[in-house]
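Below is one structure, written out as structure tokens; comments come after it.
In what follows, every heavy atom counts, from backbone to side chain, and hydrogens, waters and symmetry copies are set aside. Positions are given from 1, in the same order as the sequence printed here.
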Amino acid sequence: MGSQALQILRQGVWASLTGGWYVDPHQSTFSNCFHLYLWIFLLAFPFLLYMALPPSLVVAGVYSAVVAVFFTAIKVVNYRLHAMFDLGEIVEKKQASLTADGQSQENTLMIEEKAKPKQYYRFWVLPGKWLRVRYDRLALLALLDRNRRVGENVFAVVLASLVAFLGFLLLLQGFFRDIWVFQFCLVIASCQYSLLKSVQPDAASPMHGHNWIIVYSRPVYFCLCCMMIWIFDLSGRSGSLQPFSLYGVTFFSAHFLLCVRDMLVVFALCFPVIFLFGLLPQVNTFWCCDDGWKYLMWIVLHMFCFLLHKAPWGDAHVPVLFSVFCGLLLALSYHLSRQSSDPTILWSLLRSKLFPELENRTPEEPPVEIKDPLPEKLRNSVKEILHSDLVMCPLMAVITFAISASTVFIALQPALSFVLYILAGVVGFITHYLLPQLRKQLPWFCLAHPVLRSREYSQFEVRDAAQLMWFEKLYAWLQCVEKYFIYPAVVLNSLTTEARTLASDRALFISVAGMKLLRSSFCAPSHQYVMLCFTTLFFQFDYPRFSETFLIDYYFMSILFSKMWDLLYKLRFVLTYIAPWQITWGSAFHAFAQPFAVPHSAVLFVQAIFSAVFSTPLNPVLGSAVFVTSYTRPVKFWERDYNTKRVDHSNTRLATQLDRNPGADDNNLNSIFYEHLTRSLQHSLCGDLLLGRWGNYNTGDCFILASDYLNALVHIIEIGNGLVTFQLRGLEFRGTYCQQREVEAITEGVEEDEGCCCCEPGHLPHMLSFNAAFGQRWLAWEVAATKYVLEGYSISDNNAASMLQVFDLRKILITYYVKSIIYYVNRSSKLEEWLTNETMQEALRPCLGPNYVDSDPTFNLNIDEDYDHRASGITLSSFCMVYLDWIQYCNSRRQTPVTCERDSPLVNLCFGLCILGRRALGTASHSMSASLEPFLYGLHALFKGDFRITSPRDEWVFADMDLLNRVVAPGVRMSLKLHQDHFTSPDEYEDPTVLYDAITANEEKMLISHEGDPVWRSAILANMPSLLALRHIMDDGSDEYKIIMLNKRFLSFRVIKVNRECVRGLWAGQQQELVFLRNRNPERGSIQNAKQALRNMINSSCDQPIGYPIYVSPLTTSYAGAHSQLRSVWGGPVSPHNIYTWLISSWDRLQKGCGAGCNSGGNIEDSDCGGGSTSISTNPAVHTTQSTPASSLPQPHITTVQPSMALLSQSEGRMEAGLLTSLQRTSSIQGLLGQQLSSSQLSFSSSVAPPSLPGPERFCPASLLDNSGHRAGQRAGLSQGSGLHYESHFGKWSFSGRKGFNGPAAVEGEGGMVQTIRTHVSRLLFKWG
């Protein structure tokens, strides 16, 4: 313990203060001296130059040039030495023989053992000149850090010279006096020394081992600080900037700039302490590749807004330019809110469109049979968003321009502003406070049950997807109104009423505040109503004299409130974590730190405020009650991507797979279920959040999903308008004792608690007891939902040993094994090829002999049903007695059966393959052994495809490897499934038909594979209904085999919302403890269970290797368009394709309904019902109103051809329904119709002529019968009929064919046919009317 503390002080504390220099007793004297003299040179050289020489830029240039030359020499030598170790020549020089002729052999061996050969490298200085280097790579790495690339060395030299120049420039300008000159020289030396030998590990390093990025942190931050000091000093002395006042504080005045400069000077002097506590992140933390597009839009808006002060403003007039600006602002804010920060999906979409050859390029590995659907699904979602924005952005811009130009925001003032504020407050309160509280598991921590319950709440086991409830629809619509109507109106109202004062000198605030507030309202409106109400009350009623216009007030209050929320979460975490009545001491240090932290509560409160302002985690030191501030983290938290990679047969060596697969442990195999859970969340998370199923949420929130065996932490990384980016971390299935205690804490209910202090008086109905309500308020987590439904897999594992313990059960397995081989032989498309293969037939010909017996020791009377005990082996006769009927039945199910008599090649081939398969099983099971363990080992070897053909009699199978891959390997896997089914119905598979159908069904609906096969992962991600595998578990001394069965179904999860500052603080504490403080104790106190903060579950979910999750997903984006229930509420996206489809359908509806709506007085809705029962039954069948008798009109001659022809297409049914209805309503044609319209679809049936017309058949509608026989008769008649002909005194028309029945000719003539119908009907109506 003492040596470890001394090492931390030496390598951690002291090295952080000096920039990396410390005395290491484990290194050589040369290494320690080199480091000491190097440090003294870097410290004393600028100090002596400053003290000895007069201040001038020449001295600064000489100093930076000397540093550049010095660093260049060191970096070049270091780079050349490492290149020499990589590619150089090793020369060995043995010492002279030390043995004499008369010495004994024993003496000679002892001396030769002590005399080791000398080695050296040749370091080429010049061509033909080299030096001997008796040095190794480890000693060189201990001496200097290695830069692998030339660019890194050049960058280090440039940084060192830049540190020297900028630092000496500040010394020359007189910013430092007395002892502070030496302190600043020490800072310069530490920044330069870290480029040669850095602090490893650094307090801000997120990884174990050497971190090459952290090397550049000190010099980069130093250069930035020096440049800012110089810029602020120059600006403050020149007074060129125009100061402005905001809330009584004057910004950019000379005094303000000089104060900021002095603060930066103090900050630069504190560099050693700042880097000791790790308050600055490594330099690449906040680099983001997609901000350029957003900043470009912001600059364009700012430049556009800057021109607004030139536009004339009137009392009741809004300039057109300003209205255009408002439209662009709203449209661009909407577009940016719908874009993810991760550009990989957009780039994938562009690459698939612009460079399809890159997408279709296949790697050298064999293709996976099942394609991963996720990339195409993500591309379709992004494409859908872009198509929708293509329509919505111009539409929103035009509408906003029109509203702004209409002066409605000016004419209705001031009443409109207060109406909008009140409306936003009321809708926000109902949407984001009242409804979520009523849907919580414990509303207000007083009620014992949610008031608004989902339909699945009372179900014991969920079997279907979650049902859409009325309050979810209400929540979604209120959000829609809030995002797209209320808050844009609030921002535009403020812009319009206050732009006259802002546009003149503060055009910057219009673009910044407007875009920020609009994007916030589009993306995360949950806290907007609180900010809006507080801004209105504070600046409109309490302190109106401090107001800087509502837009600026609202903008700064949104920033202040975000910091206040962070402070509230931090204080809740700290108070919950150190509450004395629930503290859990994990070590002796915790017991010591608890009372020690009480007097420093004021310091803790100041740290909480500081960490809230700078968005840094507040982490407990070693998991104790002492808290320190860490450095600023991104929302993603971890600077590195520790995404877990599944180990399977695609990325391991074949020899490793056959011997012992390194990925065969439980954690690696179970990680696929968390990957599938990530895919399920990708499909539904965004829609479920928008429906309120997880309660209120914000960026950075953390949730825990808990079920029977799955426990995962979901981290919300980014929230957009219609998208959510998250990361999932899956915990172990069989967690530690501490994890199990915390899982019990979040899954147990508190409804039955009846305690009140020390007694149990009970509680009111549907209310919590006093103890339960008090305890729930002192937790860093809360239950958001108890029945959250997701699609997943139910996992059942059966011990294979118990299923194969008895010989009879093994005999059943072998029997199914043989029958499965026979099945796959007969189902194979290569059967005829195998039967005609001369090599195979020649090798199998001895099996046809009457005296042939395969007496291999593998075969056993106990497990082989066809074993002939008289021949002491298996013969063809004994095989046929058992399996010939099955062979013949399988052959009969083939499309082209082959000969399958007793002596046929098919039976001989089946016999040979069954013998081969059982011998391979015996070989893998070590043949002679009859115990269970070798049998299971052999079965597992064959299950994963490890077939070892050792007998010369089986080498004929190598003539075609498909015999093993397509017959024997599937046979052993299918036999395991059939063996499992045998326990549920023992006698069912004795019927060959049932067995054959069962194998066929399993082939179609189930994947049976080894878990190390990449097909297993692909099948799970592609949502295969059922899967089966045989798993070999060797963990913690256990050696067992389990049959894993997966069935796709809906799973129920408890959703636990965790205080996000609790998660950030515990993660930061683990990083500091493991990386910087080097605590390698696996049972350290910081990971012991603490139910009030879920300390073990949160710490174990850290990214590897700090935590130990079995799966860490990449950043995954869920889109709202993929959620079917949300689409049913909000409708689909407004895209050009959907608009085109709607226009075409509307035009068709109008065109096809015009017969019913215009001619006959019917309505379009009736004709739009598809020609079915609804459209016809709503209209009267026969109209009896007649103007003249039918006999007084000329009777047309109508002809049709039997049999009747149904109107099958929906559009044709609508057209003809309208036509016939109009004919019915015309009294002159009513006599032609002998039948009424039925309540089903219309059809042209057999001839029904008027009584007065002899001979010719009539044209009339009839009902389409529902039975299949009638429809089949119609189809048969239509294939032979020549069409329908109509003739009258005025002309004739004919139906030559119908679309979908009589081929392309009918399709081509359909337009002309419809036009002919309409022409003749209009003529009839004109003539007869």
Side-chain angles (χ1 to χ4, degrees), residues 337-338 340-341 428-443 450 452 454 466 471-472 474-476 478-480 482-483 487 519-531 558 561-562 565-566 568-569 572-573 635-637 678 680-706 712-729 780-790 1053-1064 1098 1115-1120 1122-1123 1125-1126:
S337 68
R338 288 168 58 82
S340 173
S341 298
F429 178 79
I430 295 174
T431 307
H432 304 292
Y433 180 77
L434 188 60
L435 284 178
Q437 283 289 344
L438 294 176
R439 296 180 63 181
K440 279 184 179 180
Q441 174 65 19
L442 304 174
L452 301 178
S454 63
F471 47 83
E472 294 176 343
L474 176 63
Y475 183 81
L478 287 176
Q479 284 188 99
C480 183
E482 190 180 31
K483 288 195 297 185
Y487 285 112
R519 287 189 62 192
S520 299
S521 61
F522 284 137
C523 296
S526 59
H527 291 157
Q528 296 296 319
Y529 78 100
V530 180
M531 304 174 192
S558 65
F561 260 79
S562 65
W565 283 116
D566 287 347
L568 177 62
Y569 288 136
R572 283 181 177 178
F573 163 52
V635 180
K636 179 176 173 285
F637 193 86
T678 304
S680 298
L681 285 174
Q682 190 278 328
H683 178 76
S684 62
L685 177 60
C686 184
D688 290 337
L689 289 176
L690 291 175
L691 291 174
R693 290 173 178 171
W694 285 24
N696 286 331
Y697 60 96
N698 211 335
T699 301
D701 282 349
C702 296
F703 297 86
I704 290 179
L705 297 181
L713 187 141
V714 180
H715 189 195
I716 306 296
I717 305 297
E718 182 187 19
I719 299 174
N721 186 11
L723 60 92
V724 171
T725 300
F726 67 95
Q727 194 171 25
L728 183 139
R729 292 172 170 86
W781 51 271
E782 61 176 334
V783 180
T786 56
K787 291 288 185 179
Y788 176 64
V789 182
L790 269 181
F1053 290 87
R1054 288 178 75 94
V1055 181
I1056 312 298
K1057 185 176 182 180
V1058 188
N1059 187 339
R1060 63 170 179 260
E1061 292 301 326
C1062 174
V1063 177
R1064 285 161 53 87
I1098 293 174
L1115 295 184
T1116 308
T1117 303
S1118 173
Y1119 294 94
H1123 201 279
Q1125 293 180 342
L1126 189 64

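In this structure Phe471 satisfies the ring pair (Phe, Tyr, Trp, His ring centres under 6.0 Å) test with no other residue, sequence neighbours excluded. In this view, Ala712 and Tyr674, Leu677, Leu728 satisfy the side-chain contact (heavy atoms from CB on, under 4.5 Å) rule, not counting sequence neighbours. Annotation: salt bridge (charged side-chain N to carboxylate O under 4.0 Å, His left out) contacts of Glu482 (sequence neighbours excluded): none. Under the rule for a side chain to side chain donor-acceptor pair (under 3.5 Å), Tyr1119 has no partner lying at least two apart in sequence or in another chain. Applying the ring pair (Phe, Tyr, Trp, His ring centres under 6.0 Å) criterion to Phe637, with sequence neighbours excluded, gives Trp1067. Residues meeting the salt bridge (charged side-chain N to carboxylate O under 4.0 Å, His left out) test with Lys483, sequence neighbours left out: none. For Phe573, the ring pair (Phe, Tyr, Trp, His ring centres under 6.0 Å) test picks out Tyr577, Phe627, with sequence neighbours left out. Listed by chain and residue number, nothing satisfies the salt bridge (charged side-chain N to carboxylate O under 4.0 Å, His left out) test with Arg1054 (two or more places apart in sequence, or in another chain). Evaluation of the side-chain contact (heavy atoms from CB on, under 4.5 Å) rule for Ser1118 yields Leu685, Cys686, Phe726 as partners, not counting sequence neighbours. Partners of Phe522 by ring pair (Phe, Tyr, Trp, His ring centres under 6.0 Å), not counting sequence neighbours, listed by chain and number: Tyr334, Tyr484.
Checking side-chain atoms of Gln479 against main-chain N and O of Leu690 turns up a donor-acceptor pair under 3.5 Å. Side chain of Gln727 to backbone of Ile716: no donor-acceptor contact under 3.5 angstrom is found. At least one donor-acceptor pair under 3.5 Å links the side chain of Arg439 to the backbone N or O of Gly692.
In terms of heavy-atom proximity, Leu1115 sits nearest to Lys636 at CD1-CD, 3.9 Å.
Note on residues 428-437: no pairs pass salt bridge (charged side-chain N to carboxylate O under 4.0 Å, His left out), not counting sequence neighbours.
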For this session: May I have the step-by-step check of side chain to side chain contact (heavy atoms under 4.5 Å, CB included) for Leu705 and Val1055, ending in yes or no?
Result: CA-CA 5 Å; Leu705 297 181; Val1055 181; 3.7 Å; yes

Acceptor/donor pairs from residues 695-702 side chains to any protein atom, 3.5 angstrom cut, sequence neighbours excluded:
residue	atom	partner	partner atom	Å
Asn696	ND2	His432	O	2.6
Asn698	ND2	His527	ND1	3.3
Asp701	OD1	Arg1060	NH1	2.8
Asp701	OD2	Asn698	N	2.7

